[in-house]
Amino acid sequence: MTKSNANILTDIFGRKHNYLRISLTERCNLRCTYCMPADGIQLSPKSHIMTYEEIYTIAKEFVDNGVTKIRLTGGEPLVRKDAALIMEKLASLPIQLTLTTNGVIVDKFIDHFKKCGIKTLNVSLDSLDTSKNKEITRRSYFEKVYQNIILLVNEGFQVKVNCVLMKGFNDNEIIDFINLSKELPIHVRFIEFMPFDGNQWNMDKLVSLKEILSEVHSNFKENEIIKLKDAPNDTTKSYQITGYKGTFAIISSVTNPFCDGCNRIRLTANGQIKNCLFSSTESDLLTPLRAGKSIAPIIQKTIQAKLKIRNGMDTLDKFKQVDGHNNRSMIAIGG
Ligand code: SAM
Ligand code: SF4
């Protein structure tokens, strides 16, 4: 297909969606409490999961229409058996390819990442305390993940460390995480805990942007805290402590949403697109694709239906009222 001029990825507010996040699988080798219910989720039948050819075909349609960046996510993208093949296929497209991973098995993919031109990776790590890490992930891989973060840094990758903060659990580690960036050139990102199906969310567990900044200001002098410039589509507010090699940032989807500059669209492992992380509806691309139909009109319609702020929950009150948000668990969306 040749490049389209139809601008099917521009919504009614003029937002251009040039960043596609593809979930490769609903499966994972961890069981994070904030991401999935204790008894797991109902997995889609294997026949409903996109094959690697289908992932490539859908991704190419997006790229032909203006997508310039693709992030692979999940579930844990690297547990998919053909993850390496998918990365290789997508790397042939004119895009920036990246991924979000829990880091457990990244050491097995170092050469492959390099081969596919992957330069940056987001790795999730929510506690620097072994037992808390076990509690949150319901698995014991802290050492492995920590060593793999160091390995990625040493191998020259740009590493962003994603940390979901929960009150009374890991909010006492904010400064420890920032101090990780003293010697390591990593970018730590504190993420406000968000509500998804089965994750027992409530506002009291959330550590807000304001609270995180207050903790930072009580531990560092004013002139040590440097506010960095954020890019227009950035979901983060970025900072650096003077003299530190790395940086840190806050992703405040709940208390301070960043929808104005949203350029993201999500494709789930079973071939549905979501125009917003908080959207309760999805559009099926896989069935029409398998029937040999054009998927471009469905993509266009889904983008046109995107609401201005957080799927219509434009105030914190509206956001708090929606229980579970009629949404999937995060593990089945692809964060
Ligand atoms: N398995 C990979 C990982 O953990 O990085 C990729 C998938 S995971 C769903 C993607 C990101 O979503 C992770 O950084 C995770 O911390 C974040 N996430 C999951 N549930 C969340 C929630 N309830 N609130 C905020 N972030 C969440
Ligand atoms: Fe798995 Fe990532 Fe969800 Fe944790 S956050 S359960 S590692 S998909």
Side-chain angles (χ1 to χ4, degrees), residues 21-41 43 70-80 83 98-106 109 120-127 132-142 144-145 148-149 152 159-167 169-171 177 186-203 205-209 212 235-236 249-258 264 266-269 274 277-278 310 319 322-325 327-335:
R21 301 166 76 102
I22 307 178
S23 171
L24 297 189
T25 177
E26 298 167 354
R27 294 174 184 275
C28 190
N29 41 3
L30 300 184
R31 293 280 179 279
C32 304
T33 55
Y34 53 75
C35 181
M36 63 188 296
D39 46 1
I41 59 157
L43 294 170
I70 294 181
R71 174 175 303 281
L72 303 179
T73 178
E76 172 50 36
L78 298 177
V79 301
R80 186 165 159 152
T98 181
L99 74 157
T100 301
T101 169
N102 59 32
V104 174
I105 53 173
V106 291
F109 290 87
T120 69
L121 291 103
N122 292 4
V123 183
S124 300
L125 182 68
D126 306 299
S127 176
K132 273 195 201 174
N133 202 276
K134 183 173 177 187
E135 192 179 334
I136 193 98
T137 64
R138 302 179 177 118
R139 294 290 183 274
S140 301
Y141 286 114
F142 169 71
K144 183 84 178 132
V145 173
N148 276 344
I149 289 174
L152 286 169
V159 180
K160 296 182 183 174
V161 172
N162 285 349
C163 171
V164 178
L165 288 174
M166 277 155 294
K167 203 162 273 177
F169 181 73
N170 59 355
D171 52 344
F177 269 100
I186 52 170
H187 184 56
V188 176
R189 308 190 321 158
F190 298 112
I191 307 177
E192 286 182 350
F193 178 35
M194 296 182 280
F196 296 102
D197 188 42
N199 77 353
Q200 319 278 313
W201 182 87
N202 73 55
M203 196 63 198
K205 293 184 189 163
L206 179 139
V207 186
S208 69
L209 165 78
I212 300 167
T235 54
T236 52
I250 302 161
I251 305 186
S252 55
S253 327
V254 179
T255 65
N256 196 356
F258 32 74
R264 296 158 168 72
R266 293 179 156 79
L267 175 63
T268 64
K274 282 174 86 73
L277 180 57
F278 298 108
R310 256 182 345 210
F319 191 80
V322 186
D323 184 29
H325 288 182
N327 204 345
R328 295 170 175 237
S329 292
M330 182 62 133
I331 190 167
I333 301 175

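Owing to the predicted nature of the structure, the values given are computational and were not obtained by experimental measurement. Atoms within each ligand, like the ligands themselves, are counted from 1 in listed order.
The cationic group of Lys134 does not satisfy the cation-pi geometry with Phe142, failing either the under 6.0 Å distance to the six-membered ring centre or the 45° limit from the ring axis.
Atom 3 (Fe) of ligand 2 has Cys35 among its coordinating residues (N/O/S atom, backbone or side chain, under 2.8 Å).
Contact atoms of ligand 1 toward Ile191: 25 (C), 26 (N) (distance under 4.0 Å to a heavy atom of the residue). Interface of Val164 with ligand 1, defined as ligand atoms under 4.0 Å from a residue heavy atom, comprises 16 (O), 25 (C), 26 (N), 27 (C). Which parts of ligand 1 touch Gly74 is read off a 4.0 Å heavy-atom cut-off, strictly below it: atoms 7 (C), 9 (C). With ligand atoms numbered from 1 in the order given, ligand 2 contributes 7 (S) to contacts under 4.0 Å with heavy atoms of Asn102. Proximity to Gly75 (heavy-atom distance under 4.0 Å) selects the following atoms of ligand 1: 1 (N), 2 (C), 6 (C), 7 (C). Heavy-atom contacts of Thr101 reach the following atoms of ligand 1: 2 (C), 3 (C), 5 (O) (cutoff under 4.0 Å). Every atom of ligand 2 is numbered from 1 in the order shown, and the set under 4.0 Å from a heavy atom of Gly75 is 8 (S). Here is the list of ligand 1 atoms found below 4.0 Å of a heavy atom in Asn199: 23 (N).
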Test log, rule side chain to side chain donor-acceptor pair (under 3.5 Å), inputs Asp126 and Tyr34: CA-CA 11 Å; Asp126 306 299; Tyr34 53 75; 2.6 Å; yes
Thr101/Glu76 under side chain to side chain donor-acceptor pair (under 3.5 Å): CA gap, chis, key distance, verdict: CA-CA 6 Å; Thr101 169; Glu76 172 50 36; 2.8 Å; yes
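By the criterion of a heavy-atom distance under 4.0 Å, neither the backbone nor the side chain of Trp201 is placed next to ligand 1. Under 4.0 Å from ligand 2, the heavy atoms of Cys28 that appear belong solely to its side chain.
Checking side-chain atoms of Asn133 against main-chain N and O of Ser127 turns up a donor-acceptor pair under 3.5 Å. The main-chain N or O of Thr137 is never found under 3.5 Å from a side-chain atom of Arg31 such that the two would form a donor-acceptor pair.
Within 6.0 Å of atom CZ in Phe258, more than 12 heavy atoms from other residues, nucleotides or ligands are found, so the atom counts as buried in its surroundings.
Checked by distance only, ligand 1 and Asn162 come closer than 3.5 Å through their nitrogen or oxygen atoms. Between Glu76 and ligand 1, at least one pair of N/O atoms sits closer than 3.5 Å. Between Thr100 and ligand 1, a contact under 3.5 Å exists for no N or O pair. On a distance-only criterion, Phe193 and ligand 1 share no N/O pair closer than 3.5 Å.
Annotation: atom 6 (S) of ligand 2 to nearest protein heavy atom, Cys32 N, 3.1 Å.
The shortest heavy-atom contact between Ser23 and Gly74 is OG-CA, 3.4 Å.
Of the candidates Thr73, Leu121, Leu72, Val123, Thr73 is the only one forming a side-chain contact (heavy atoms from CB on, under 4.5 Å) with Thr100.
Between Met166 atom CE and Gln200 atom CD the span is 12.5 Å, to the nearest 0.5 Å. Ile136 CD1 to Leu125 CG: the interatomic distance, rounded to the nearest 0.5 Å, is 11.0 Å.
Contact between Thr73 and ligand 1 is present, with at least one heavy atom of the residue lying under 4.0 Å from the ligand.
Relative orientation of the Phe196 and Phe278 rings is parallel, given thresholds of 30° and 60° on the angle between their planes.
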